[in-house]
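Quick notes on the structure that follows.
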Amino acid sequence: MAILGTLLKRGIRLRESLEQEYSSPIELQKRELKKLMIAASKTEFGRKYGFGEKLKEFKKKGNTFYETFKQDMPIFDYNKMYDEWWHKLQEGEKNITWPGAIKYFAMTSGTSGATSKYIPISYEMVKAIRKTGVRQILTLSKYELPDRLFNTGILMLGGSTDLEFNGTYFSGDLSGITAGNLPIWFQRFYKPGSEIARNKNWGEKLEKIVDNAPNWDIGIIVGVPAWLQILLEKIIERYGLKSIHDIWPNLKIFVHGGVSFEPYKKGFEKLLDRPLIYMETYLASEGFLAFQALPDRRSMRLVLNNGIFYEFIPFKDENFDDNGEVRPDAQTLSIDQVEEGKEYAILISTCAGAWRYLIGDVIKFESLAEAEIVITGRTKHFLSLCGEHLSVDNMNKAVELASEELNVDIREFTVIGVPHGNLFAHHWYIGTDDEVDSGRLRNLIDEKLKSLNDDYIVERQHALKDVDVRVLPQETFIEYMRLQGKEGGQNKFPRVLKGDKAEAWLGFLKEKGFQ
(Lines give C-alpha, C1' and ligand atoms only; values in the text may rest on other atoms or scores of the structure.)
Protein backbone atom coordinates (compact mmCIF):
# COMPACT_ATOMS: atom_id res chain seq x y z
CA MET A 1 0.00 0.00 0.00
CA ALA A 2 2.48 2.57 -1.30
CA ILE A 3 0.55 5.79 -0.64
CA LEU A 4 -0.42 4.98 2.95
CA GLY A 5 2.92 3.30 3.57
CA THR A 6 4.80 6.37 2.33
CA LEU A 7 2.78 8.63 4.58
CA LEU A 8 3.38 6.50 7.65
CA LYS A 9 7.09 6.10 6.93
CA ARG A 10 7.46 9.87 6.74
CA GLY A 11 5.93 10.23 10.18
CA ILE A 12 2.61 11.68 9.06
CA ARG A 13 0.26 10.33 11.68
CA LEU A 14 -3.41 10.18 12.41
CA ARG A 15 -3.01 12.38 15.48
CA GLU A 16 -4.90 15.41 14.13
CA SER A 17 -7.72 13.26 12.74
CA LEU A 18 -8.02 11.45 16.06
CA GLU A 19 -7.91 14.76 17.93
CA GLN A 20 -10.98 15.90 16.01
CA GLU A 21 -12.70 12.55 16.45
CA TYR A 22 -12.31 12.61 20.23
CA SER A 23 -12.74 16.33 21.01
CA SER A 24 -15.82 18.51 21.07
CA PRO A 25 -16.16 20.85 18.07
CA ILE A 26 -16.22 24.00 20.18
CA GLU A 27 -13.11 22.91 22.10
CA LEU A 28 -11.20 22.47 18.84
CA GLN A 29 -12.49 25.73 17.42
CA LYS A 30 -11.63 27.71 20.55
CA ARG A 31 -8.07 26.42 20.35
CA GLU A 32 -7.86 27.17 16.63
CA LEU A 33 -9.14 30.73 16.96
CA LYS A 34 -6.68 31.41 19.77
CA LYS A 35 -3.78 30.26 17.57
CA LEU A 36 -4.97 32.43 14.68
CA MET A 37 -5.38 35.51 16.87
CA ILE A 38 -1.98 35.05 18.53
CA ALA A 39 -0.34 34.78 15.11
CA ALA A 40 -2.10 37.92 13.82
CA SER A 41 -2.00 39.99 17.01
CA LYS A 42 0.87 42.19 15.74
CA THR A 43 -0.61 42.77 12.29
CA GLU A 44 -2.43 45.97 11.35
CA PHE A 45 -5.73 44.10 11.48
CA GLY A 46 -4.96 42.51 14.86
CA ARG A 47 -3.99 45.84 16.39
CA LYS A 48 -7.09 47.63 15.04
CA TYR A 49 -9.45 45.04 16.51
CA GLY A 50 -7.60 44.59 19.79
CA PHE A 51 -6.52 40.96 19.46
CA GLY A 52 -4.01 41.33 22.29
CA GLU A 53 -6.70 42.37 24.74
CA LYS A 54 -9.34 39.95 23.40
CA LEU A 55 -6.99 36.99 23.81
CA LYS A 56 -7.24 37.38 27.61
CA GLU A 57 -10.79 36.06 27.36
CA PHE A 58 -9.46 32.64 26.30
CA LYS A 59 -8.18 32.06 29.84
CA LYS A 60 -11.74 31.95 31.11
CA LYS A 61 -13.89 28.86 31.21
CA GLY A 62 -16.85 28.61 28.87
CA ASN A 63 -17.38 30.16 25.49
CA THR A 64 -17.44 33.88 26.21
CA PHE A 65 -14.34 34.09 23.99
CA TYR A 66 -16.58 34.09 20.91
CA GLU A 67 -18.68 37.09 21.90
CA THR A 68 -15.49 38.95 22.75
CA PHE A 69 -13.83 38.00 19.46
CA LYS A 70 -16.62 39.36 17.27
CA GLN A 71 -17.21 42.49 19.35
CA ASP A 72 -16.68 45.62 17.23
CA MET A 73 -15.51 43.52 14.27
CA PRO A 74 -17.78 43.65 11.20
CA ILE A 75 -18.61 40.87 8.80
CA PHE A 76 -16.48 41.11 5.66
CA ASP A 77 -17.41 40.12 2.13
CA TYR A 78 -14.72 40.07 -0.56
CA ASN A 79 -15.15 43.70 -1.64
CA LYS A 80 -15.01 45.06 1.90
CA MET A 81 -12.01 42.89 2.82
CA TYR A 82 -10.16 43.80 -0.37
CA ASP A 83 -10.90 47.53 -0.29
CA GLU A 84 -9.92 47.93 3.36
CA TRP A 85 -7.10 45.41 3.70
CA TRP A 86 -6.13 42.99 0.96
CA HIS A 87 -5.26 45.60 -1.66
CA LYS A 88 -2.27 46.47 0.54
CA LEU A 89 -1.03 42.89 0.25
CA GLN A 90 -1.05 43.13 -3.54
CA GLU A 91 1.05 46.27 -3.21
CA GLY A 92 3.66 44.25 -1.33
CA GLU A 93 2.96 45.54 2.18
CA LYS A 94 3.64 43.17 5.08
CA ASN A 95 1.87 42.31 8.32
CA ILE A 96 -1.54 43.52 7.18
CA THR A 97 -4.04 40.76 8.04
CA TRP A 98 -1.47 37.97 8.49
CA PRO A 99 2.23 38.05 9.49
CA GLY A 100 4.72 38.76 6.73
CA ALA A 101 4.13 39.26 3.02
CA ILE A 102 1.77 37.24 0.83
CA LYS A 103 3.51 35.42 -2.02
CA TYR A 104 0.48 33.81 -3.70
CA PHE A 105 -3.00 34.97 -4.68
CA ALA A 106 -5.63 32.51 -5.86
CA MET A 107 -7.80 33.89 -8.66
CA THR A 108 -11.36 32.69 -8.26
CA SER A 109 -13.67 31.56 -11.02
CA GLY A 110 -15.90 34.59 -10.45
CA THR A 111 -19.25 32.78 -10.21
CA SER A 112 -20.59 35.59 -8.03
CA GLY A 113 -19.61 39.11 -7.06
CA ALA A 114 -16.51 40.59 -8.68
CA THR A 115 -15.39 39.27 -12.06
CA SER A 116 -11.94 38.36 -10.73
CA LYS A 117 -11.13 37.96 -7.06
CA TYR A 118 -7.63 37.70 -5.65
CA ILE A 119 -7.62 35.60 -2.48
CA PRO A 120 -4.39 35.69 -0.42
CA ILE A 121 -2.70 32.31 0.08
CA SER A 122 -0.08 32.33 2.84
CA TYR A 123 2.63 29.74 3.34
CA GLU A 124 0.67 28.52 6.37
CA MET A 125 -2.43 28.07 4.20
CA VAL A 126 -0.48 26.02 1.63
CA LYS A 127 0.65 23.75 4.48
CA ALA A 128 -2.88 23.55 5.89
CA ILE A 129 -4.35 22.54 2.52
CA ARG A 130 -1.63 19.91 2.15
CA LYS A 131 -2.28 18.53 5.64
CA THR A 132 -6.01 18.28 5.04
CA GLY A 133 -5.31 16.52 1.75
CA VAL A 134 -3.20 13.98 3.60
CA ARG A 135 -5.99 13.46 6.13
CA GLN A 136 -8.38 12.70 3.31
CA ILE A 137 -5.95 10.19 1.80
CA LEU A 138 -5.69 8.50 5.18
CA THR A 139 -9.48 8.01 5.22
CA LEU A 140 -9.00 5.52 2.38
CA SER A 141 -8.06 3.02 5.09
CA LYS A 142 -11.79 2.99 6.02
CA TYR A 143 -12.76 1.65 2.59
CA GLU A 144 -12.46 -1.91 1.40
CA LEU A 145 -9.92 -1.31 -1.36
CA PRO A 146 -7.53 -3.64 -3.17
CA ASP A 147 -3.86 -3.26 -2.26
CA ARG A 148 -2.93 -2.58 -5.89
CA LEU A 149 -4.86 0.72 -5.78
CA PHE A 150 -2.26 2.21 -3.47
CA ASN A 151 0.49 1.73 -6.04
CA THR A 152 -1.39 3.52 -8.83
CA GLY A 153 -1.20 7.12 -9.97
CA ILE A 154 -3.44 10.02 -8.94
CA LEU A 155 -4.55 12.19 -11.86
CA MET A 156 -5.25 15.75 -10.67
CA LEU A 157 -6.87 17.84 -13.39
CA GLY A 158 -6.42 21.46 -12.37
CA GLY A 159 -5.16 24.88 -13.40
CA SER A 160 -1.68 25.66 -14.67
CA THR A 161 1.21 25.56 -12.22
CA ASP A 162 2.94 28.21 -14.37
CA LEU A 163 1.69 31.13 -12.32
CA GLU A 164 1.66 34.79 -13.31
CA PHE A 165 4.32 36.88 -11.52
CA ASN A 166 4.19 40.68 -11.48
CA GLY A 167 7.36 41.28 -9.49
CA THR A 168 5.52 41.22 -6.15
CA TYR A 169 3.34 38.10 -6.06
CA PHE A 170 2.30 35.02 -8.01
CA SER A 171 -1.32 34.56 -9.07
CA GLY A 172 -3.31 31.75 -10.61
CA ASP A 173 -5.86 29.01 -10.00
CA LEU A 174 -5.69 27.57 -6.47
CA SER A 175 -5.28 24.08 -7.95
CA GLY A 176 -2.23 25.37 -9.83
CA ILE A 177 -0.76 26.93 -6.68
CA THR A 178 -1.22 23.78 -4.61
CA ALA A 179 -0.02 21.43 -7.40
CA GLY A 180 3.10 23.54 -7.69
CA ASN A 181 3.73 23.08 -3.96
CA LEU A 182 3.21 19.33 -3.68
CA PRO A 183 5.57 17.51 -1.30
CA ILE A 184 8.41 15.58 -2.90
CA TRP A 185 7.09 12.20 -1.72
CA PHE A 186 3.86 12.79 -3.67
CA GLN A 187 5.61 13.27 -7.03
CA ARG A 188 5.77 9.50 -7.50
CA PHE A 189 1.98 9.28 -7.62
CA TYR A 190 1.08 12.64 -9.18
CA LYS A 191 -0.14 12.83 -12.77
CA PRO A 192 -0.07 14.47 -15.30
CA GLY A 193 3.37 15.48 -14.02
CA SER A 194 5.00 18.89 -13.73
CA GLU A 195 5.61 19.52 -17.44
CA ILE A 196 1.99 19.02 -18.55
CA ALA A 197 0.68 20.73 -15.41
CA ARG A 198 2.52 23.93 -16.39
CA ASN A 199 0.66 24.24 -19.69
CA LYS A 200 -1.69 27.25 -19.68
CA ASN A 201 -3.54 26.22 -22.82
CA TRP A 202 -6.42 24.08 -21.58
CA GLY A 203 -7.02 22.38 -24.92
CA GLU A 204 -3.34 21.48 -25.32
CA LYS A 205 -3.18 20.22 -21.74
CA LEU A 206 -6.10 17.85 -22.33
CA GLU A 207 -4.52 16.58 -25.57
CA LYS A 208 -1.19 15.89 -23.84
CA ILE A 209 -2.99 13.95 -21.10
CA VAL A 210 -4.82 11.96 -23.77
CA ASP A 211 -1.48 11.26 -25.49
CA ASN A 212 0.01 9.89 -22.27
CA ALA A 213 -3.05 8.05 -20.96
CA PRO A 214 -1.87 4.57 -22.09
CA ASN A 215 1.41 5.05 -20.20
CA TRP A 216 -0.23 5.63 -16.83
CA ASP A 217 -1.92 3.33 -14.33
CA ILE A 218 -4.48 5.65 -12.77
CA GLY A 219 -6.40 4.61 -9.66
CA ILE A 220 -7.71 7.97 -8.46
CA ILE A 221 -8.93 10.98 -10.43
CA VAL A 222 -9.36 14.43 -8.90
CA GLY A 223 -11.09 17.49 -10.35
CA VAL A 224 -14.23 19.35 -11.34
CA PRO A 225 -16.77 16.87 -12.83
CA ALA A 226 -17.45 18.74 -16.09
CA TRP A 227 -13.79 18.92 -17.17
CA LEU A 228 -12.95 15.37 -16.09
CA GLN A 229 -15.91 14.05 -18.04
CA ILE A 230 -14.67 15.85 -21.16
CA LEU A 231 -11.20 14.36 -20.65
CA LEU A 232 -12.47 10.80 -20.22
CA GLU A 233 -14.62 11.15 -23.33
CA LYS A 234 -11.57 12.29 -25.32
CA ILE A 235 -9.51 9.30 -24.12
CA ILE A 236 -12.29 6.83 -24.96
CA GLU A 237 -12.77 8.35 -28.41
CA ARG A 238 -9.02 8.50 -29.22
CA TYR A 239 -8.36 4.86 -28.42
CA GLY A 240 -11.70 3.37 -29.47
CA LEU A 241 -12.55 2.13 -25.98
CA LYS A 242 -15.82 0.91 -24.56
CA SER A 243 -15.07 2.49 -21.19
CA ILE A 244 -12.25 4.28 -19.38
CA HIS A 245 -11.59 1.05 -17.47
CA ASP A 246 -10.27 -0.47 -20.71
CA ILE A 247 -7.21 1.74 -20.39
CA TRP A 248 -7.19 2.33 -16.60
CA PRO A 249 -8.43 -0.99 -15.14
CA ASN A 250 -7.47 0.02 -11.59
CA LEU A 251 -9.47 3.26 -11.59
CA LYS A 252 -11.50 3.12 -8.40
CA ILE A 253 -11.98 6.58 -6.86
CA PHE A 254 -13.21 9.96 -8.08
CA VAL A 255 -12.48 12.89 -5.75
CA HIS A 256 -14.59 15.87 -6.79
CA GLY A 257 -15.61 19.26 -5.51
CA GLY A 258 -16.58 22.78 -6.47
CA VAL A 259 -20.01 21.81 -7.79
CA SER A 260 -22.62 19.16 -7.08
CA PHE A 261 -21.82 15.90 -8.86
CA GLU A 262 -25.42 14.72 -9.07
CA PRO A 263 -26.35 16.40 -12.39
CA TYR A 264 -23.25 14.88 -14.01
CA LYS A 265 -23.52 11.39 -12.54
CA LYS A 266 -25.71 9.77 -15.17
CA GLY A 267 -23.55 10.89 -18.11
CA PHE A 268 -20.32 10.21 -16.23
CA GLU A 269 -21.23 6.64 -15.41
CA LYS A 270 -21.77 5.87 -19.10
CA LEU A 271 -17.99 6.14 -19.42
CA LEU A 272 -17.32 3.43 -16.80
CA ASP A 273 -17.29 -0.36 -16.86
CA ARG A 274 -17.77 -0.62 -13.10
CA PRO A 275 -18.84 1.74 -10.28
CA LEU A 276 -16.42 4.21 -8.72
CA ILE A 277 -16.22 5.42 -5.16
CA TYR A 278 -17.15 9.11 -5.12
CA MET A 279 -15.48 11.28 -2.49
CA GLU A 280 -16.60 14.90 -2.20
CA THR A 281 -14.33 17.71 -1.03
CA TYR A 282 -14.98 21.27 0.02
CA LEU A 283 -11.83 22.98 -1.22
CA ALA A 284 -12.54 26.67 -1.83
CA SER A 285 -10.08 29.36 -2.88
CA GLU A 286 -10.05 30.47 0.76
CA GLY A 287 -9.07 27.08 2.20
CA PHE A 288 -9.77 23.36 2.49
CA LEU A 289 -12.89 23.37 4.66
CA ALA A 290 -14.23 19.80 4.61
CA PHE A 291 -14.07 16.38 3.00
CA GLN A 292 -16.05 13.17 2.91
CA ALA A 293 -14.57 11.24 5.82
CA LEU A 294 -16.71 8.10 5.91
CA PRO A 295 -17.94 5.65 3.26
CA ASP A 296 -21.58 5.67 2.18
CA ARG A 297 -22.23 9.18 3.47
CA ARG A 298 -23.29 12.16 1.42
CA SER A 299 -22.03 14.58 4.06
CA MET A 300 -18.55 16.03 4.55
CA ARG A 301 -16.70 16.63 7.81
CA LEU A 302 -15.63 20.18 8.61
CA VAL A 303 -11.93 20.37 9.44
CA LEU A 304 -11.96 22.06 12.84
CA ASN A 305 -8.28 22.00 13.81
CA ASN A 306 -6.29 23.11 10.78
CA GLY A 307 -6.13 26.86 10.32
CA ILE A 308 -9.82 27.82 9.99
CA PHE A 309 -12.33 29.18 12.51
CA TYR A 310 -15.99 29.01 11.48
CA GLU A 311 -19.03 31.15 12.23
CA PHE A 312 -22.54 30.55 10.96
CA ILE A 313 -25.29 32.97 9.89
CA PRO A 314 -28.85 31.56 9.81
CA PHE A 315 -29.87 31.86 6.16
CA LYS A 316 -33.04 33.87 6.71
CA ASP A 317 -34.54 37.07 5.35
CA GLU A 318 -33.67 38.95 8.53
CA ASN A 319 -29.97 38.24 7.90
CA PHE A 320 -29.81 38.58 4.08
CA ASP A 321 -31.47 40.93 1.62
CA ASP A 322 -33.12 39.92 -1.66
CA ASN A 323 -29.77 40.06 -3.49
CA GLY A 324 -28.09 37.68 -1.07
CA GLU A 325 -26.11 40.45 0.62
CA VAL A 326 -25.56 39.98 4.33
CA ARG A 327 -27.15 42.59 6.57
CA PRO A 328 -24.78 44.52 8.89
CA ASP A 329 -26.68 43.38 12.00
CA ALA A 330 -26.93 39.71 10.95
CA GLN A 331 -26.99 37.13 13.72
CA THR A 332 -23.82 35.02 13.87
CA LEU A 333 -23.29 31.76 15.78
CA SER A 334 -20.38 29.59 16.84
CA ILE A 335 -20.39 25.87 16.15
CA ASP A 336 -21.91 25.00 19.54
CA GLN A 337 -24.90 27.26 18.81
CA VAL A 338 -26.09 25.78 15.51
CA GLU A 339 -28.79 23.17 14.90
CA GLU A 340 -29.03 20.18 12.62
CA GLY A 341 -31.19 20.50 9.52
CA LYS A 342 -31.10 24.31 9.32
CA GLU A 343 -29.31 26.31 6.64
CA TYR A 344 -26.38 28.60 7.46
CA ALA A 345 -24.07 30.85 5.49
CA ILE A 346 -20.44 30.37 6.53
CA LEU A 347 -18.00 32.97 7.84
CA ILE A 348 -14.35 31.96 8.12
CA SER A 349 -11.23 33.35 9.77
CA THR A 350 -8.09 31.72 8.40
CA CYS A 351 -4.33 31.36 8.52
CA ALA A 352 -4.17 33.39 5.31
CA GLY A 353 -5.63 36.53 6.86
CA ALA A 354 -9.35 36.27 6.17
CA TRP A 355 -11.38 37.46 9.16
CA ARG A 356 -15.13 36.95 9.64
CA TYR A 357 -15.17 36.49 5.88
CA LEU A 358 -18.40 35.56 4.08
CA ILE A 359 -17.30 32.76 1.80
CA GLY A 360 -20.64 32.73 -0.03
CA ASP A 361 -21.67 29.11 0.54
CA VAL A 362 -24.74 27.89 2.40
CA ILE A 363 -24.54 24.62 4.33
CA LYS A 364 -26.70 22.39 6.49
CA PHE A 365 -25.50 20.22 9.37
CA GLU A 366 -26.27 16.53 9.06
CA SER A 367 -24.51 15.68 12.34
CA LEU A 368 -23.39 18.19 14.96
CA ALA A 369 -21.48 15.61 16.98
CA GLU A 370 -19.29 14.78 13.98
CA ALA A 371 -19.43 18.24 12.35
CA GLU A 372 -20.81 16.68 9.17
CA ILE A 373 -22.30 19.08 6.61
CA VAL A 374 -23.77 19.22 3.12
CA ILE A 375 -23.57 22.26 0.84
CA THR A 376 -27.02 23.44 -0.20
CA GLY A 377 -26.13 26.46 -2.33
CA ARG A 378 -24.69 29.96 -2.47
CA THR A 379 -25.95 33.09 -0.74
CA LYS A 380 -26.35 34.79 -4.13
CA HIS A 381 -27.36 31.69 -6.07
CA PHE A 382 -30.75 31.20 -4.50
CA LEU A 383 -33.82 32.19 -6.48
CA SER A 384 -36.39 33.98 -4.40
CA LEU A 385 -38.16 36.46 -6.64
CA CYS A 386 -41.41 36.13 -4.75
CA GLY A 387 -40.71 33.90 -1.75
CA GLU A 388 -40.05 30.60 -3.55
CA HIS A 389 -36.67 30.25 -1.75
CA LEU A 390 -35.30 27.88 -4.38
CA SER A 391 -31.83 26.59 -3.50
CA VAL A 392 -29.13 25.20 -5.76
CA ASP A 393 -29.55 21.93 -3.89
CA ASN A 394 -33.23 21.87 -4.96
CA MET A 395 -32.27 22.64 -8.56
CA ASN A 396 -29.57 19.98 -8.71
CA LYS A 397 -31.91 17.34 -7.32
CA ALA A 398 -34.76 18.25 -9.66
CA VAL A 399 -32.49 18.06 -12.71
CA GLU A 400 -31.03 14.76 -11.51
CA LEU A 401 -34.49 13.21 -11.05
CA ALA A 402 -35.76 14.54 -14.37
CA SER A 403 -32.70 13.29 -16.27
CA GLU A 404 -33.08 9.83 -14.72
CA GLU A 405 -36.75 9.65 -15.63
CA LEU A 406 -36.12 10.75 -19.22
CA ASN A 407 -32.82 8.81 -19.51
CA VAL A 408 -30.91 11.84 -20.77
CA ASP A 409 -27.46 13.19 -19.91
CA ILE A 410 -27.82 16.75 -18.59
CA ARG A 411 -24.36 18.10 -17.94
CA GLU A 412 -24.94 21.83 -17.40
CA PHE A 413 -27.82 24.13 -16.60
CA THR A 414 -28.50 27.63 -15.37
CA VAL A 415 -31.62 29.56 -14.30
CA ILE A 416 -32.61 33.20 -14.64
CA GLY A 417 -35.50 34.83 -12.77
CA VAL A 418 -37.44 37.33 -14.92
CA PRO A 419 -40.57 39.52 -14.72
CA HIS A 420 -43.73 37.98 -16.17
CA GLY A 421 -46.28 40.75 -16.57
CA ASN A 422 -46.78 42.04 -13.06
CA LEU A 423 -45.54 38.73 -11.64
CA PHE A 424 -42.53 36.44 -12.15
CA ALA A 425 -41.10 33.51 -14.13
CA HIS A 426 -38.07 31.20 -14.15
CA HIS A 427 -36.18 30.64 -17.40
CA TRP A 428 -34.10 27.45 -17.44
CA TYR A 429 -31.28 26.74 -19.90
CA ILE A 430 -30.44 23.03 -20.05
CA GLY A 431 -27.32 21.58 -21.69
CA THR A 432 -27.72 18.15 -23.29
CA ASP A 433 -26.91 16.53 -26.61
CA ASP A 434 -29.60 13.88 -26.16
CA GLU A 435 -32.98 14.11 -27.85
CA VAL A 436 -35.49 15.42 -25.34
CA ASP A 437 -38.91 17.01 -25.43
CA SER A 438 -38.38 20.42 -23.81
CA GLY A 439 -42.04 20.60 -22.77
CA ARG A 440 -41.89 17.28 -20.97
CA LEU A 441 -38.56 18.22 -19.37
CA ARG A 442 -40.06 21.50 -18.22
CA ASN A 443 -43.03 19.76 -16.64
CA LEU A 444 -40.81 17.22 -14.88
CA ILE A 445 -38.47 19.84 -13.43
CA ASP A 446 -41.44 21.88 -12.25
CA GLU A 447 -43.06 18.78 -10.74
CA LYS A 448 -39.88 17.71 -8.95
CA LEU A 449 -39.32 21.19 -7.49
CA LYS A 450 -42.86 21.19 -6.12
CA SER A 451 -42.13 17.94 -4.30
CA LEU A 452 -38.79 19.23 -2.98
CA ASN A 453 -39.75 22.72 -1.83
CA ASP A 454 -42.96 23.73 -0.05
CA ASP A 455 -42.41 27.46 -0.70
CA TYR A 456 -42.01 26.78 -4.41
CA ILE A 457 -45.33 24.98 -4.73
CA VAL A 458 -47.12 27.83 -2.94
CA GLU A 459 -45.61 30.49 -5.19
CA ARG A 460 -46.33 28.47 -8.33
CA GLN A 461 -49.99 28.90 -7.41
CA HIS A 462 -49.59 32.64 -6.95
CA ALA A 463 -46.71 34.94 -8.01
CA LEU A 464 -44.44 32.52 -9.92
CA LYS A 465 -46.64 32.26 -12.99
CA ASP A 466 -44.42 30.56 -15.55
CA VAL A 467 -41.49 28.18 -15.95
CA ASP A 468 -39.73 28.01 -19.31
CA VAL A 469 -37.09 25.46 -20.37
CA ARG A 470 -34.71 25.96 -23.29
CA VAL A 471 -32.57 22.98 -24.34
CA LEU A 472 -29.10 23.86 -25.67
CA PRO A 473 -26.14 21.80 -26.93
CA GLN A 474 -23.64 21.09 -24.14
CA GLU A 475 -20.92 22.81 -26.17
CA THR A 476 -22.83 26.11 -25.78
CA PHE A 477 -21.95 26.25 -22.08
CA ILE A 478 -18.32 25.28 -22.71
CA GLU A 479 -17.93 27.89 -25.46
CA TYR A 480 -19.35 30.59 -23.19
CA MET A 481 -16.90 29.64 -20.43
CA ARG A 482 -14.08 29.74 -22.97
CA LEU A 483 -15.05 33.24 -24.13
CA GLN A 484 -15.16 34.36 -20.49
CA GLY A 485 -11.60 33.04 -19.98
CA LYS A 486 -12.93 30.44 -17.53
CA GLU A 487 -12.23 27.18 -19.30
CA GLY A 488 -10.81 24.34 -17.21
CA GLY A 489 -9.28 24.23 -13.74
CA GLN A 490 -11.68 24.98 -10.91
CA ASN A 491 -14.06 27.00 -13.10
CA LYS A 492 -17.71 25.99 -13.16
CA PHE A 493 -20.85 27.38 -14.74
CA PRO A 494 -23.06 29.24 -12.22
CA ARG A 495 -26.43 27.64 -11.59
CA VAL A 496 -28.19 30.98 -11.18
CA LEU A 497 -27.50 34.09 -13.26
CA LYS A 498 -28.50 37.57 -12.15
CA GLY A 499 -27.89 41.15 -13.24
CA ASP A 500 -24.98 41.78 -15.61
CA LYS A 501 -24.10 38.08 -15.71
CA ALA A 502 -27.60 37.19 -16.89
CA GLU A 503 -27.45 39.93 -19.54
CA ALA A 504 -24.07 38.70 -20.78
CA TRP A 505 -25.38 35.13 -21.10
CA LEU A 506 -28.52 36.23 -22.94
CA GLY A 507 -26.44 38.41 -25.26
CA PHE A 508 -24.21 35.46 -26.05
CA LEU A 509 -27.21 33.25 -26.84
CA LYS A 510 -28.62 35.92 -29.13
CA GLU A 511 -25.35 36.12 -31.05
CA LYS A 512 -25.38 32.32 -31.41
CA GLY A 513 -28.90 32.44 -32.81
CA PHE A 514 -30.60 30.76 -29.83
CA GLN A 515 -33.04 33.62 -29.23
Side-chain angles (χ1 to χ4, degrees), residues 1-10 12 130 133-161 175-176 178-180 182-199 202 204-257 261 264 268-281 291-292 295 488-489:
M1 301 177 76
I3 296 176
L4 295 179
T6 300
L7 292 175
L8 296 173
K9 285 177 185 176
R10 297 188 65 84
I12 300 173
R130 185 187 301 171
V134 168
R135 286 168 69 169
Q136 183 172 29
I137 291 174
L138 289 170
T139 65
L140 295 178
S141 62
K142 299 177 181 178
Y143 292 77
E144 294 183 6
L145 298 169
D147 287 351
R148 64 180 179 276
L149 175 72
F150 297 94
N151 290 295
T152 60
I154 301 178
L155 175 62
M156 300 173 65
L157 188 63
S160 173
T161 58
S175 59
T178 54
L182 291 172
I184 294 174
W185 63 263
F186 193 74
Q187 299 299 327
R188 172 184 170 189
F189 309 104
Y190 170 62
K191 304 298 180 190
S194 57
E195 182 179 347
I196 296 175
R198 280 196 297 269
N199 198 320
W202 184 251
E204 288 182 6
K205 176 183 284 189
L206 291 184
E207 289 305 315
K208 288 182 180 296
I209 294 174
V210 174
D211 290 343
N212 284 275
N215 305 322
W216 299 334
D217 180 16
I218 301 297
I220 303 173
I221 53 177
V222 182
V224 173
W227 305 122
L228 267 170
Q229 186 167 344
I230 290 171
L231 173 64
L232 299 190
E233 287 173 344
K234 285 179 175 290
I235 294 172
I236 290 171
E237 181 180 6
R238 168 80 69 87
Y239 299 105
L241 310 175
K242 291 183 179 180
S243 81
I244 195 63
H245 283 111
D246 291 342
I247 199 167
W248 293 336
N250 292 316
L251 179 61
K252 187 70 176 176
I253 296 173
F254 176 21
V255 181
H256 61 89
F261 179 57
Y264 301 93
F268 194 88
E269 291 186 339
K270 292 179 180 178
L271 309 177
L272 310 174
D273 181 53
R274 62 191 74 99
L276 296 184
I277 293 171
Y278 301 112
M279 300 178 69
E280 187 172 4
T281 63
F291 60 86
Q292 192 172 331

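Here the structure is a predicted model, which is why all the values come from computation and not from measurement.
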- Query: What residue pairs, at least two apart or across chains, pass side chain to side chain donor-acceptor pair (under 3.5 Å) with a residue in residues 216-226?
  - Reply: D217-N250

- Query: Is a donor on one side and an acceptor on the other found under 3.5 Å between the side chain of R274 and the backbone of P249?
  - Reply: yes

- Task: Search all heavy atoms of P192 against all heavy atoms of M156 and return the closest pair with its distance.
- Result: CD-O, 3.6 Å

- Message: Can you list everything that forms a salt bridge (charged side-chain N to carboxylate O under 4.0 Å, His left out) with E204? Sequence neighbours excluded, please.
- Response: none

- Query: Can you check whether S243's main-chain N or O pairs, donor with acceptor, with D246's side chain at less than 3.5 Å?
  - Reply: yes

- Message: Is any side-chain heavy atom of I236 closer than 4.5 Å to one of I247?
- Response: no

- Query: About how many Å separate CG of L149 and CD1 of I253, when rounded to the nearest 0.5 Å?
  - Reply: 5.0 Å

- Task: Quick one: closest heavy-atom pair of G159 and S175, and the distance?
- Result: N-OG, 2.7 Å

- Message: Using side-chain heavy atoms (C-beta onward) and a distance below 4.5 Å, is S160 in contact with N199?
- Response: no

- Starting at CZ of F189, measure out to OG1 of T152 and round the result to the nearest 0.5 Å. 9.0 Å

- Item | Any residue meeting salt bridge (charged side-chain N to carboxylate O under 4.0 Å, His left out) with R148, in chain and number order, not counting sequence neighbours | none

- Query: Do V255 and I154 have side chains that get closer than 4.5 Å, going by heavy atoms?
  - Reply: no

- Item | Gap separating the CD atom of Q292 from the CD1 atom of I277, nearest 0.5 angstrom | 9.5 Å

- Pairwise distance CD1(I218) to CD1(I209) - rounded to 0.5 angstrom: 9.5 Å

- Message: Tell me every residue that passes side-chain contact (heavy atoms from CB on, under 4.5 Å) with D211, counting only those two or more places apart in sequence or in another chain.
- Response: R238

- Query: What's the spacing between I230 CD1 and W202 CH2 if we round to 0.5 Å?
  - Reply: 8.5 Å

- Sequence neighbours excluded, every pair satisfying ring pair (Phe, Tyr, Trp, His ring centres under 6.0 Å) that has a member inside residues 231-254: F254-H256, F254-F261, F254-F268

- Item | Min side-chain heavy-atom separation M279-F291 under 4.5 Å | no

- Query: If you look only at pairs with a residue in residues 222-232, which of them pass as a salt bridge (Lys or Arg N to Asp or Glu O under 4.0 Å), with sequence neighbours excluded?
  - Reply: none

- Taking C-beta and beyond as the side chain, do T281 and V222 meet within less than 4.5 Å on heavy atoms? no

- Message: For E233 and L271: C-alpha separation, side-chain torsions, deciding distance, then whether side chain to side chain contact (heavy atoms under 4.5 Å, CB included) applies.
- Response: CA-CA 7 Å; E233 287 173 344; L271 309 177; 3.8 Å; yes

- Mind checking the CD1-CD spacing from I221 to Q229? Nearest 0.5 Å is all I need. 10.0 Å

- Query: Given side chains that start at C-beta, do those of L231 and V210 come closer than 4.5 Å, heavy atoms only?
  - Reply: yes

